[in-house]
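Ligands are counted one by one from 1 in listed order, and the atoms in each one are counted from 1 as well.
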Amino acid sequence: MKAVLPDVMTAKLQELLGPSGFLTDAESLTAYGQDWTRIAEPAPSGVVLPTSTTQVQAIVSLARSHKVALVPSGGRTGLSGGAVAARGELVLSLARMNKVLGIDPVGRSLTCEAGAVTAMVQEAARDQGLMYPVDFASSGSSQIGGNIATNAGGIQVIRYGMTRNWVTGLKVVTGTGELLDLNKGLLKNNTGLDFRHLMIGSEGVLGIIVEATLALTTPPANPKVLVLGVPSMNAIMSVLEHCQAALPLLAFEFFSDLALDKVISAHGLQQPLQGRYPFYALVEFEEVNPDVDREVLALVEKCMASGWVGDAVLSHNEAQRRSLWRLREDISGTIARWTPYKNDIATTVAQVPALLARVEKLIETRYADLEVVWYGHIGDGNLHLNILCPETMSVDEFQQHCKSVSTELFTILADLGGSVSAEHGVGLLKKEFLGYSRSQFEIDLMRSIKREFDPDGILNPGKVI
Ligand code: MLT
Ligand code: ZN
């Protein structure tokens, strides 16, 4: 692969895309060459911003004939380095292909270009009294194509599942420049292998997503949030079990006291409860009927009597619901200044207590002197274990230490049949650890599938596999 664009290709890109569609200034190279990980110095050779599928196909053909690597790029909010361009690649940003193309209120679907921002899609659905339910803190800048390429999860997976569950159609340009029109928005289509599902979560190594059809649903009735102070992670699991049985859950999240402390100090927010607790559960549920409030009260009383909960607060209006959510949603952004080493791990919900018991021991011994911030989607079996880099340690030394602990953590996960990347993807960051979750046979199969879709290896080379 070439690290510098050949002159003849540069000239053709200029002709194809015009000055606003082909950027090589230093500021753009830096901005488009990295995602939220900040793990590598951005060093792309250029940034192309096509406005049509035909232009994407032309760019792929040029890249193929000149052996230039392409990095497909969405909102670059990823946390695994999947959209990083640090080796002279050409970044192909979908940012100018950002239109909602249509909504079908009867079929309950929305079709958009890949660069449509998640929040814009959610708003377009809302305008029709419907909802696109995949949601996360980065909805204001993440793009649908990127969400699909990483099979993004988020805060309501317990109720609605991951992005994969909502994609009914995909248009994808492969590494040969071929346009695939996959599943065409159909709800029923049993016609052999479904390539749509290969593309979802493929992190740009098989094709460039240019258009998607998404299923929509009915918005929940009057969502409410309950924040509970909890003495231990195991108590959270008991609370989860009882909440699952008693409430129409929309989310079941958790965070540690250190996570709460960082958010409250950084943003000057109010403590949600009178006292402090080692952990907090944030439970969102739908108020489907007026009895739900009584059921919540009974549930909280039971949890308190059992010693699983020390205190609780319930939102009574939308403003309160939103401010309670901030305690959870602002964690990631708040701790970014400590260059956290992020572990995005998962087991089945049933295995979470076993995972916790072993991970807590590992942290006590191997991270004894470091700040460890826990949070995540515990109702999905997905924990985010973030280790903060102390000011006294260099980032390199810190990363090396954390990597060595990760191998121990991932051995535990492998033992429990868990995942080394629950929702952030593999990208560059988890590539060397993929073998803890996937067999060598599976990884080899992934490589041979890539060769079919991208015979010249121009699509996001060096990522995932
Ligand atoms: C979250 O759950 O807040 C996101 O996955 C981001 C993160 O893990 O930092
Ligand atoms: Zn998350």
Under 3.5 Å, is there a donor on one side chain and an acceptor on the other for Ser141 and Thr77? no

Does atom CZ (Arg276) have a neighbourhood of more than 12 heavy atoms from anything else shown, all under 6.0 Å? yes

Student check: side-chain heavy atoms of Leu226 and Val296 closer than 4.5 Å: yes

Show me the donor-acceptor pairs, under 3.5 Å and distance only, between side chains in residues 130-138 and residues at least two apart or in other chains.
residue, atom, partner, partner atom, Å
Asp135, OD1, Gln122, NE2, 3.1
Asp135, OD1, Ser139, OG, 2.8

Are any non-hydrogen side-chain atoms of Leu170 and Ile200 less than 4.5 angstrom apart? yes

For the Zn ion (ligand 2), the closest N/O/S atom belonging to Glu423: OE2

Between Glu253 and Trp325, a side-chain donor and acceptor under 3.5 Å: no

Collect the protein residues that have a non-hydrogen atom under 4.0 Å from ligand 1 and hand them over in chain and number order. Leu79, Arg328, Ser332, Lys342, Tyr375, His377, His384, Glu423, His424

For the residue pair Phe254 and Trp374, does the interplanar ring angle fall in the parallel (under 30°), tilted (30 to 60°) or perpendicular (over 60°) class? tilted

Would one find an N, O or S atom of His424, in either backbone or side chain, under 2.8 Å from the Zn ion (ligand 2)? no

How wide is the angle at the Zn ion (ligand 2) spanned by His377 NE2 and His384 NE2, rounded to 10 degrees? 100°

